[in-house]
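Right, one structure below, let's go through it.
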Protein chains: 2
Amino acid sequence: MSSTPTEILIDLSTAILRQHNERLECRLVGEATPARAKRLPFGPFMPHQHRTMEIGLRHWVREQVGVDLAHVEQLYTFADQGRHASEEAAHIVSVGYLALTRTHEARTPEDTPPAPDDGDWEDLYTFFPWEDWRQGRPEMLDGQILPALDKWLEKDTQAADRVRLAFGRDGAQWDEEFVLERYELLYEAALVEEALIDQDAKGAPRPQPVLGRALHLDHRRILATALGRLRSKLKYRPVIFDLMPSGFTLRALQNTTEMVMGVNLHQQNFRRLVEKSGFLIATGKTQRARGRPAEVFRLRHNERTERPLSGLRVSTGRPKPSGK
Amino acid sequence: MSSTPTEILIDLSTAILRQHNERLECRLVGEATPARAKRLPFGPFMPHQHRTMEIGLRHWVREQVGVDLAHVEQLYTFADQGRHASEEAAHIVSVGYLALTRTHEARTPEDTPPAPDDGDWEDLYTFFPWEDWRQGRPEMLDGQILPALDKWLEKDTQAADRVRLAFGRDGAQWDEEFVLERYELLYEAALVEEALIDQDAKGAPRPQPVLGRALHLDHRRILATALGRLRSKLKYRPVIFDLMPSGFTLRALQNTTEMVMGVNLHQQNFRRLVEKSGFLIATGKTQRARGRPAEVFRLRHNERTERPLSGLRVSTGRPKPSGK
DNA sequence: GTAGTTATGCTCATTTTGAGTATAAATAGA
DNA sequence: TCTATTTATACTCAAAATGAGCATAACTAC
């Protein structure tokens, strides 16, 4: 293509998440065709225009995607596009970002519907159905994933311990933060479509179940990194509020937390945790729905800078004592 | 220099840490001259030779630096070299890495001295003296840093809250993980040499105290990121063992932890914590020095893959109840 | 021996956490 | 209007984790 020895392009790919319609949603671009899956919003990094990558990113996200980002965080820089067909022009290094945004809130109950961001937002868990434990342990785990992994392990016995840890078998706990580790294992075991594409561009016969919806190139890997990082970060930094509107009930906060963590939490203890954290201030207003009206809270000082940013130490239950 | 619109080079800079001589040490390269400070070990990323950046990194580290890396972790990708004089040839994006390595252990007490890695290893805290609280709160904080920051805040009052949080004032706790935040503030307030260099290449009169030793370009920023990440990661993943030799006493483990965290820990509680974690197995051997001989432990299964990798939830003390 | 030093064992009061039960305040339908 | 249902909020209680210290063991140095 070019004669320069290493022509490198930097591509900023961003997992933009929001909470909307009782779902954790991710913004996508492009049309899904049989040949090409959708992809994350992206833009090139242009060192001459933007001093830092984050500035560049915020810029084209606002232009192309039309949302204002609350929290922005660099995730990881992937250079091994070689794991995909390297027909692409130059070498592309993609820097993955996680961004959180708030849905616009209706000011009054009768206000315009929540400004249905015209973009293409999809439920995050369509890409990682095995990560959503809110309805209990997903059946696909015991029904499809673990059997298929076991079959794979017969050949590659090396990975047995990684599988055990990532998928919480044999006394190991399911750790909801290991999103990336699980996805990578499924990729290696050729249980996700991206692996099949990479292995063999010509439609080879698909073995095994093909799990979750695919994305362009390694974008699902970036998305997995994003979810894992967000789940992890929730516990020690107050990022959850960047997914919330300015006023919200504790139940809404809990719902959002549960969406992100992929598990259900104990309501009374969640309340205790949040109240003790001191992040919130009651507004005095209430919001009514079906049962008893709920108090509306807002962030203290409208800012997160107030206290030792400890985050919500949400816990997903104590490990059951195994044998011994 | 070149006519291509965006010629980008990727530079892998690595903070390689080890524990040696009762110190937490960092590997440096280059000679310090008045014009140029030392720098972190680095190498270019060559997409044609190495499939992933980490592979490339491990390769040239072994060649040039001559150490085997235990833990390797990508930290952050910095593109704003523009914050430095952009006379440099092309645009350089530097990907920062954190790597941990073990010092070679003498097999018997009379063995060859611990293979004094011929490289240039320096005490990490010469670059961040304010981060070491093992001898108590560093005097330079109240003596130099905070007064200078206050003076700076008179002009830029915006940053007051960031300073409060990062440096733990007005009831905020000192959070040992905020290494980067503190360094960035010192940079912005022009209290570190790198800031003076960037602002004005020609030796302008140095105001203020100049804190800690400087490094090339933004390498001290990478190092700050490394220390912060390591301090944070200790608490939830068992990375500390990648700094330890194969057999060690609990006191040695505690010393290493204290070096990293920059604080002293309660010995008995540390022991309880480690024992409960189940990471270690007593070898039956003991190691004698001055007082009662200490038992030598080693990692379980010689691997970290055993259990829910919870890390050592080291605590640095409960926040003192302030007013109310 | 004896003093000093370090490792290890154990106790104890608090705090945090997981898991309930109980009560309050609304809606929806008979 | 009454009643069942739903949701929010308040409290309780036992178990586990945590912070701090005392006590003892097993050495070295003199």
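Throughout, protein chains are lettered first and strands after them, A, B, ... in sequence-line order, and every chain is numbered starting at 1.
By the side-chain hydrogen bond (donor to acceptor under 3.5 Å, both in side chains) test, B/E295 pairs with no residue at all, sequence neighbours left out. Remark: A/R288 pairs with no residue by the side-chain hydrogen bond (donor to acceptor under 3.5 Å, both in side chains) rule, at least two apart or across chains. With sequence neighbours excluded, the residues that form a side-chain contact (heavy atoms from CB on, under 4.5 Å) with B/T286 are B/P293. Partners of B/R134 by side-chain hydrogen bond (donor to acceptor under 3.5 Å, both in side chains), not counting sequence neighbours, listed by chain and number: B/D132. Among residues two or more places apart in sequence or in another chain, the side-chain contact (heavy atoms from CB on, under 4.5 Å) test is passed with A/R251 by A/T249, A/Q254, A/N255, A/E258, A/Q267.
Between A/L273 atom CG and C/dT15 atom P the separation is 17 Å, expressed in whole Å. Going from atom CG of A/L265 over to atom C1' of C/dA19 covers 14 Å, rounded to whole Å. Summarising the geometry, the separation between CD on A/E295 and C1' on D/dT7 is reported as 15 Å, rounded to the nearest angstrom. Rounded to an integer number of Å, the gap from CZ of B/F270 to C1' of C/dC10 is 19 Å. Spacing between atom CD of A/Q287 and atom P of D/dA8 amounts to 10 Å, rounded to whole angstrom units. Counting to the nearest Å, the C1' atom of C/dT16 and the NZ atom of A/K235 are 17 Å from each other. The interatomic distance linking B/N264 (CG) with D/dG19 (P) rounds to 15 Å, in whole Å.
Checking the phosphate oxygens (OP1, OP2) of C/dT15, no side-chain nitrogen or oxygen of A/K276 falls inside 4.0 Å.
With B/D242 as the fixed residue, the side-chain contact (heavy atoms from CB on, under 4.5 Å) test singles out one of B/L100, B/V72, B/L17: B/L100.
For C/dG18, the base has a donor-acceptor partner in the side chain of A/R272 [N/O atoms by modelled type, under 3.5 angstrom].
Counting non-hydrogen atoms under 4.0 angstrom, B/Q267 reaches a base of the nucleic acid. A/R251 comes within 4.0 angstrom of sugar-phosphate atoms only, judged by non-hydrogen atoms across all strands, and of no base.
When ring centroids are compared, B/F279 and B/F241 come within the 6.0 Å threshold.
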How does protein reach along nucleotides 21-30 of chain D, written 5' to 3' as B (base within reach of a heavy atom under 4.0 Å), S (only sugar-phosphate), or - (no contact)? BB--BBBS--
